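All values below were derived from every heavy atom in this structure, side-chain atoms included, with hydrogens, water molecules and symmetry-related copies excluded. One-based numbering, in listed order, for ligands and for the atoms of each. Keep in mind that what you see is a predicted model, and the values were worked out from it rather than measured.
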Amino acid sequence: MGAKRILVTGGSGKLGQLLVDRLVDQGHKLRLLTRKMEAAFEYTAIELFQGDLTDKESLKGIAKDIDVVLHLAALTHSNSAEHYNAVNAVGTRNLLESCREEPIGRFIFFGSRADNPQAGEYSLSKFRATHLVAESGLPYLILRPAEIYGIAGEGLAMVEKLLSAYPVIPVISSPAAHVAPVHVDDIVHATITAIVSEQALGRRFTLAGPQEYTLKQLSNLAKSTYGIRKLNIPIPITLLSLVAWLQRNSQSPIIYRDQVPRLLSPKDTDISDAQELLDYSPRSLEDNLDLVFPSLVGR
Ligand SMILES: NC(=O)c1ccc[n+]([C@@H]2O[C@H](COP(=O)([O-])OP(=O)(O)OC[C@H]3O[C@@H](n4cnc5c(N)ncnc54)[C@H](OP(=O)(O)O)[C@@H]3O)[C@@H](O)[C@H]2O)c1
């Protein structure tokens with residue numbers, strides 16, 4: 001692949017940091033949107049651009065001389081519907097407006113597999129942003145990852161905490177609560193392919209793991225793999241919603257309120273387009289369980 005000039009938003013995030021490392025290794029020239037100019041990046045191939053998605057003026061000129069935009073920046077955990085909307089939907093619109101002033105080659109948006117308007121405020125904001133991207137008139141493609149594992153503090157950290165924190169294991173009992181965990185390297189590989197794949201333009205790609213699990217199945221898999229002999233205690237959704245509501249003003253709740261409907265909402269599992277056009281072949285969760293539950297390894 002020839003070197004490209006790539007604008008990355010969200011480069012300081014959990015997925016963004018890894019992606020930035022890989023893109024620099026491949027010889028691309030990066031410009032990173034950052035809210036804090038003191039952000040430390042040791043690479044000379046990186047130019048920092050100070051701005052905030054919620055401040056339209058601050059994004060002026062951000063896409064000058066850029067071939068590809070990778071828009072990862074987002075508010076991912078909050079108890080505020082307004083904040084989700086301001087960063088994820090309005091912020092994406094602000095960025096698209098700046099990008100439309102330049103002849104960029106493609107705008108790659110990190111949406112969500114749960115971009116469903118009924119699945120809570122984060123999902124609603126991703127749903128709105130997805131439509132803004134698709135209607136922007138820019139050459140675009142949309143990546144819709146499931147729960148990513150293999151990056152610190154991400155994805156299934158809540159399940160890991162519940163497996164070790166108590167003498168019994170609280171397990172969300174609803175069979176509708178399911179996840180399709182995906183290894184971070186599979187997301188990075190699909191993204192790097194998305195930068196060049198011509199046929200991928202104008203398409204949406206679900207990037208889920210190879211299999212869906214209910215939370216009970218996931219918990220039982222961890223129990224048998226790591227020899228955890230504790231009883232599962234079923235937690236009804238009403239109780240989970242109550243816990244989320246009681247913690248609505250906490251800075252680090254066990255669960256955010258909008259995660260409950262997101263967990264329960266039906267989600268797309270069809271990865272066939274990504275397999276065909278993004279060389280996507282997600283690896284098995286069972287073979288990588290140590291990355292999902294690092295604190296349970298060797299206990
Ligand atoms: N991780 C997953 O399991 C998962 C699953 C599905 C989809 N996704 C999507 O993938 C993307 C990356 O996820 P992640 O887990 O790496 O997210 P993350 O760790 O929460 O990082 C969010 C990034 O967005 C930036 N950001 C937040 N508000 C901003 C604003 N107002 N202006 C500019 N930048 C702002 C943050 O910058 P600061 O350093 O300044 O805070 C940070 O770099 C997101 O779009 C997310 O929705 C992730």
Parallel, tilted or perpendicular, as decided by the 30° and 60° cut-offs, for the rings of Tyr226 and Phe293: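 The rings of Phe293 and Tyr226 stand perpendicular, inter-plane angle above 60°.
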Plane angle bin for His71 and Phe109 - parallel if under 30°, tilted between 30 and 60°, otherwise perpendicular: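 Phe109 vs His71 ring planes: tilted.
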Under 3.5 Å, is there a donor-acceptor pair between the side chain of [X] and the main chain of [Y]?
{"X": "Arg31", "Y": "Lys64", "result": "yes"}
{"X": "Ser98", "Y": "Leu95", "result": "no"}
{"X": "Gln17", "Y": "Ser12", "result": "yes"}
{"X": "Ser219", "Y": "Lys216", "result": "no"}
{"X": "Thr34", "Y": "Leu48", "result": "no"}
{"X": "Ser58", "Y": "Asp52", "result": "yes"}
{"X": "Arg262", "Y": "Gln259", "result": "no"}

Report the part of [X] in contact with ligand 1, treating N, CA, C, O as backbone and CB onward as side chain, heavy atoms under 4.0 Å; options are side chain, backbone, both, neither.
{"X": "Val87", "answer": "side chain"}
{"X": "Thr76", "answer": "side chain"}
{"X": "His77", "answer": "neither"}
{"X": "Arg113", "answer": "neither"}

Ser265 side chain to Gln118 side chain, donor-acceptor N/O pair below 3.5 angstrom: no
Polar side chain donor-acceptor pair, Thr206 to Asp268, under 3.5 angstrom: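 Present: a donor and an acceptor within the cut-off.
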Minimum non-hydrogen distance to atom 25 (C) of ligand 1, winning option of Ala73, Gly16, Ser58: Ala73
Selected option - heavy-atom contact closest to atom 9 (C) of ligand 1, from Ser112, Ala208, Gly111: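 Of the listed residues, Gly111 has the closest heavy atom.
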Hey, which atoms in ligand 1 end up nearer than 4.0 Å to a heavy atom of [X]?
{"X": "Ala146", "result": "3 (O), 5 (C), 6 (C)"}
{"X": "Ser12", "result": "37 (O), 38 (P), 39 (O), 42 (C), 43 (O)"}
{"X": "Gly13", "result": "16 (O), 19 (O), 21 (O), 42 (C), 43 (O)"}
{"X": "Gly10", "result": "23 (C), 24 (O), 43 (O)"}
{"X": "Asp52", "result": "30 (C), 31 (N), 32 (N)"}
{"X": "Lys126", "result": "44 (C), 45 (O), 46 (C), 47 (O)"}
{"X": "Leu15", "result": "16 (O)"}

Test your reading of the structure: does [X] have an N or O sitting under 3.5 Å from an N or O of ligand 1?
{"X": "Thr54", "result": "no"}
{"X": "Leu72", "result": "yes"}
{"X": "Ala74", "result": "yes"}
{"X": "Leu75", "result": "no"}
{"X": "Leu53", "result": "yes"}
{"X": "Ile151", "result": "no"}
{"X": "Glu147", "result": "no"}

Aromatic contact, Tyr213 with His178 (centres under 6.0 Å): no
Whether Thr9 lies under 4.0 Å from ligand 1, heavy atom: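 Not so, Thr9 does not reach ligand 1.
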Close approach of Tyr149 to ligand 1, heavy atoms, under 4.0 angstrom: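 For ligand 1, residue contact (heavy atoms, under 4.0 Å) with Tyr149 is absent.
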Val196-Val188 co-clustered via ILVMFWY side chain contacts under 4.5 Å: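 Yes, same cluster.
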